[in-house]
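Worksheet for the structure shown next.
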Amino acid sequence: LSIGSLACLGAVVTCAFITGHSSSQMEICPQVPLGVAILIGMAVSAFFGWLNGRIITALNLPPFIVTLGVQEIAKGTVLSFTRGFPVSNLPTYVVDVLGRGTLFSVPYTVYLMAVLLAAFWIILSKTRFGRHVYAIGGNENAAEVSGVNVRVRKTLIYMTAGLMYAFAGFLMTGKSGGASASMGVSYELEAIAGCTIGGVSTTGGIGTVGGILIGVLVFELLKIILQFVGADPNFNYIVQGLVVIVAVAMDIRKYVAKK
């Protein structure tokens, strides 16, 4: 549940180090090269991912509760860092590349998405770490008995997620030209909806990268259709909530039927 907040945190920190100020009120922040700024933002978000994993594994608490708490911690960190003001005035080249840049009429961000999809498909399908991820999701106790270091693997999973949230948040800044504390609102539900539509089981151990891509595309297509027919933009939230409920209910029914 900390997806949106960590994406926002990563984007704000990255933009702050690119521009040299932490908000539009010109609070001074060290200005560093673009690559270094991206790494700093990803590192900060990865730390919060590590915090998620560490608390969950060390205290054996439900992930729902822990990620909800870390979500609020991340929100408070963003608001303290920016004092509620946006971080704007990104360099023109960043906006041109991320927001408007294309190659053969295809946005650069689509190529980045393809590279990341391929990378995670390889990781989940062809590596020991990927097999451990599925094993932990399917049956954590069985995975531990089989020799998987569940605590370390789960922490690495949450850290990797934090890295990707920050990178995604930075990519979003290309369209807006900056970052603010309002970024990432309701991304948690959108992620759940896209994943469940794409075949990821809420009970764990089931799901593919390709299926998630299809689920996200279907969910985005649904929002585009609503805009095309002239529906009230606020109606998107209603549809989004209904999609999540229906998708999770269908997943649970399949799980119960198999048992």
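Please read these numbers as outputs of a predicted model, since none were measured by experiment.
- Put simply, CG on Leu9 and CZ on Phe81 are 9.0 Å apart, with the number rounded to the nearest 0.5 Å.
- Criterion: ILVMFWY side-chain heavy atoms under 4.5 Å apart, direct or through other members. Under it, Leu163 and Leu39 are not part of a common hydrophobic cluster.
- Taking the six-membered ring where tryptophan is involved, the planes of Tyr111 and Tyr108 are tilted, since the angle between them lies from 30° to 60°.
- At a threshold of 4.5 Å between side-chain heavy atoms, the hydrophobic network of Ile, Leu, Val, Met, Phe, Trp and Tyr places Val244 and Ile238 in two separate groups.
- Interatomic distance, Ile56 CD1 to Thr67 OG1, rounded to the nearest 0.5 Å: 6.0 Å.
- Linking ILVMFWY residues whenever their side-chain heavy atoms come closer than 4.5 Å, directly or via other members, places Ile73 and Leu59 in the same cluster.
- Of all non-hydrogen atoms in Val70 and Phe48, the two that sit nearest each other are CG1-CD2, 3.9 Å.
- Neither Val216 nor Ile214 shares a network with the other; the hydrophobic side chains, linked directly or stepwise wherever heavy atoms of I, L, V, M, F, W or Y lie under 4.5 Å apart, form separate groups for each.
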#### Entry: Full working for side chain to side chain contact (heavy atoms under 4.5 Å, CB included) between Ile18 and Leu34
CA-CA 6 Å; Ile18 292 174; Leu34 175 63; 3.4 Å; yes
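- At least one donor-acceptor pair under 3.5 Å links the side chain of Thr173 to the backbone N or O of Phe170.
- Tracing side-chain contacts under 4.5 Å through hydrophobic residues (I, L, V, M, F, W, Y), one reaches Leu112 starting from Leu103; they form part of the same cluster.
- For the pair Met164 and Leu116, the minimum side-chain heavy-atom distance is below 4.5 Å.
- Across all non-hydrogen atoms, the minimal contact from Thr208 to Tyr134 is CA-OH, 4.0 Å.
- In terms of modelled atom types and a separation under 3.5 Å, the side chain of Ser5 and the main chain of Gln71 share a donor-acceptor contact.
- A distance-only check finds a donor-acceptor pair linking the side chain of Ser45 to the backbone of Gly162 [under 3.5 Å].
- Here the CD1-CD distance, from Ile3 to Glu190, works out to 10.0 Å after rounding to the nearest 0.5 Å.
- Contact check for Leu171 versus Phe167: side-chain heavy atoms found under the 4.5 Å cut-off.
- Residues Met42 and Ala166 come closest through the heavy atom pair CA-CB, 3.6 Å.
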### Task
Give the intermediate values and the outcome of side chain to side chain contact (heavy atoms under 4.5 Å, CB included) for residues Ser180 and Thr82.
CA-CA 8 Å; Ser180 68; Thr82 64; over 6 Å; no
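- Closest heavy-atom contact between Gly169 and Met183: O-CE, 3.7 Å.
- Of all heavy-atom pairs between Tyr158 and Gly53, the closest is CD1-CA, 3.6 Å.
- Atoms CG and CZ, on Asn52 and Phe47 in that order, are 10.5 Å from each other to the nearest 0.5 Å.
- Between atom CD1 of residue Ile157 and atom CE of residue Met159 there is a gap of 12.0 Å, rounded to the nearest 0.5 Å.
- In this structure, OG1 on Thr57 lies 13.5 Å from CZ on Arg153, to the nearest 0.5 angstrom.
- Scanning both residues, Gly199 and Ile206, for their nearest heavy atoms gives O-CG2, 3.8 Å.
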